[in-house]
Amino acid sequence: MTDPKFETLAIHAGAQPDPSTGARATPIYQTTSFVFDGVDHAASLFGLQQFGNIYTRIMNPTQAVLEERVAALEGGTAALACASGHAAQLLVFQALMRPGDEFVASTKLYGGSINQFGHAFKSFDWRVKWADPFDPGSFEAAITEKTKAIFIESIANPGGVVMDIAAIAEVAQRHKLPLIVDNTMATPYLCRPLEHGADIVVHSLTKFMGGHGNSMGGVIVDGGSFDWSADDRYPMLSEPRPEYNGIVLHETFGNFAFAIACRVLGLRDLGPAISPFNAFMILTGIETLPLRMQRHCDNALAVAKHLQGHDKVSWVSYAGLADDPGHQRMQTYTPKGAGAVFTFGLKGGYDAGVKFVEALELFSHLANIGDTRSLVIHPASTTHKQLADEQKISAGAGPDVVRLSIGIEDVSDIIADLDQALAKA
Ligand SMILES: *Cc1c(COP(=O)(O)O)cnc(C)c1O
């Protein structure tokens, strides 16, 4: 088929009936290891002369279908699935950074990413410099000789802010740096960052991609656009690898060398592989991604409009609202909808936030987004609690802020639950 549409790719990309059994759904290849045809076959697999399954930590057929599918949906050259969104971020930076190197990241990020970058990465001596999400100039100002990458989210946590990806990509290109975009909140149904100048896309598949709140996973998508050999800044890609007979990954693998580096150096040696079962669950979820995302967005817009008119609500931040400061960026980057996650402020502040969350019945109070179910969290008392006060506010998680992840239930039931809890807050 020439040029299948997104909805078709979501169901078919990467998959074919199982050659030995005819199974139509992708089987769960629940095996740790794969038999070699012979000694020569084994040697060529280990030497990267030939692709093939060796051991599930490095590659597995169920995982491979998931990778091909996400690469097709994002418009990338290749992908690597792994155990979680955080694992994907770890593998990406491990391929780019040496001790003492820096990267520039937006302050508006998932709370876990702020922790990973600001604390865990310190033990590798990878240094994050924070930039103002609304000021591309602040990304530029943070760049030094040691900078190796720029990192943003397409729709940023927790406020649902749509970023000006092209403006930041322009800064990255001018400084010959790869732009990494975390596309978890938008999914490729709403936004394809590679089309706006990103070089690498990462996801927590745990959220909307899997979509049912039942399986952890992450993925790295290689945009194939970045020249890793332009200078000596990316030795993992541009210098001979002693563990693979001196091959140079960029020279050998061209426009999918980054995905290969993350697999054969990062995943192989650090080990955060996705289980075949979780790869299967997430693949199944992706088949309905277009339907689910549209319903998520339609429900979220209806809820945001309702809250805007509520007398206990002081503000609503949802880029889908016509009067939202981010509405124009939303029309550029996520024209089909502004996603399912947004924040609003309660007039009663911190205490009202706690009471409201406890009074909800249909909504589940938990630290997740992107489930079929409607979810709620009060970031100041939970996900962002460990951050300093001004970090909380700059991350969009002040004391009055409530974050919703609107599910795909009937929207009148969602609104009724919010109303009864607001009455008690
Ligand atoms: C959840 C999340 C992550 C981390 O993913 P895990 O699968 O939980 O490791 C990263 N970025 C965003 C935007 C997320 O929502």
Side-chain angles (χ1 to χ4, degrees), residues 63 66 70 74 79-94 103 105-121 128 133 149 151-163 165 180-191 193 198 200-221 262 266-267 270-275 277-279 281-282 285-286 293 296 300 319 333-334 338-343 366-371 375-377 379 382-384 395-397 403-407:
Q63 174 193 347
L66 174 61
V70 178
E74 287 287 2
L80 176 71
C82 56
S84 67
H86 269 12
Q89 292 169 191
L90 172 65
L91 295 177
V92 162
F93 283 104
Q94 207 257 343
F103 66 101
S106 162
T107 51
K108 270 208 192 300
L109 295 181
Y110 174 66
S113 299
I114 293 177
N115 282 330
Q116 186 188 46
F117 296 171
H119 299 289
F121 279 9
V128 61
F151 185 99
I152 61 170
E153 293 177 358
S154 50
I155 299 183
N157 250 302
V161 174
V162 180
M163 294 286 290
I165 301 171
I180 306 159
V181 177
D182 179 342
N183 201 29
T184 300
M185 296 249 283
T187 82
Y189 175 74
L190 296 178
C191 176
I200 296 162
V201 169
V202 292
H203 277 277
S204 169
L205 297 173
T206 314
K207 314 292 171 54
F208 296 98
M209 295 288 269
H212 295 71
N214 58 25
S215 307
M216 302 291 301
V219 74
I220 299 160
V221 182
C262 292
L267 187 61
L270 300 177
I274 188 169
S275 81
F277 182 77
N278 281 9
M281 293 300 282
I282 292 166
I286 288 175
M293 280 316 282
H296 276 299
Y333 292 106
T334 67
V341 179
F342 66 92
T343 51
L366 49 72
N368 192 23
I369 56 169
D371 195 321
L375 314 175
V376 63
I377 203 154
T382 54
T383 48
H384 287 62
R403 184 187 76 189
L404 303 178
S405 175
I406 301 297

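Indexing begins at 1, ligand by ligand and atom by atom, following the structure's order. Owing to the predicted nature of the structure, the values given are computational and were not obtained by experimental measurement.
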| query | What are the atoms of ligand 1, with element, lying closer than 4.0 Å to any heavy atom of K207? | reply | 1 (C), 2 (C), 3 (C), 14 (C), 15 (O)
| query | Just which atoms of ligand 1 are under 4.0 Å from any heavy atom in I369? | reply | 15 (O)
| request: Could you see which bit of N157 sits under 4.0 Å from ligand 1, with heavy atoms only: side chain, backbone, both or neither? | output: side chain
| query | Nearest heavy-atom pair of H203 and N183: which atoms, and what distance? | reply | CE1-O, 3.1 Å
| message | According to side-chain hydrogen bond (donor to acceptor under 3.5 Å, both in side chains), who are the partners of T187, at least two apart in sequence or on a separate chain? | response | none
| said: Suppose we screen for side-chain hydrogen bond (donor to acceptor under 3.5 Å, both in side chains). Which residues come up paired with T206, at least two apart in sequence or across chains? | reply: S204
| Counting each atom of ligand 1 from 1 as listed, which ones have a heavy atom of G217 under 4.0 Å away? | 7 (O)
| remark: If we number the atoms of ligand 1 from 1 as shown, the ones under 4.0 Å from a heavy atom of E153 are 13 (C)
| query | Which ligand 1 atoms are under 4.0 Å away from a heavy-atom of S84? | reply | 7 (O), 9 (O)
| How close does the nearest protein non-hydrogen atom get to atom 12 (C) of ligand 1, and which residue and atom is it? | D182 OD2, 3.4 Å
| message | Looking at every heavy atom in both F208 and V341, which two are closest together, and how far apart are they? | response | CZ-CG2, 3.8 Å
| note | For Q89, the ligand 1 atoms with a heavy-atom partner under 4.0 Å come out as 10 (C), 11 (N)
| Which atoms of ligand 1 are found less than 4.0 Å from any heavy atom of G85? | 5 (O), 6 (P), 7 (O), 9 (O)
| request: May I ask you to identify the nearest protein heavy atom to atom 8 (O) of ligand 1, giving residue, atom name and distance to one decimal place in Å? | output: M216 CE, 3.7 Å
| request: Answer whether the closest heavy-atom distance between the side chains of F121 and L90 falls below 4.5 Å. | output: yes
| Taking S84 for the side chain and M216 for the main chain, is one N or O donor matched with an acceptor at less than 3.5 Å? | no
| Numbering the atoms of ligand 1 from 1, which are under 4.0 Å from a heavy atom of H86? | 4 (C), 5 (O), 6 (P), 9 (O)
| said: Restricting to non-hydrogen atoms, name the atom on H86 and the atom on Y110 that form the minimum distance, rounded to 0.1 Å. | reply: CE1-CE2, 3.7 Å
| task | Could you tell me how the ring of F151 sits relative to the ring of F93: parallel (under 30°), tilted (30 to 60°) or perpendicular (over 60°)? | result | tilted
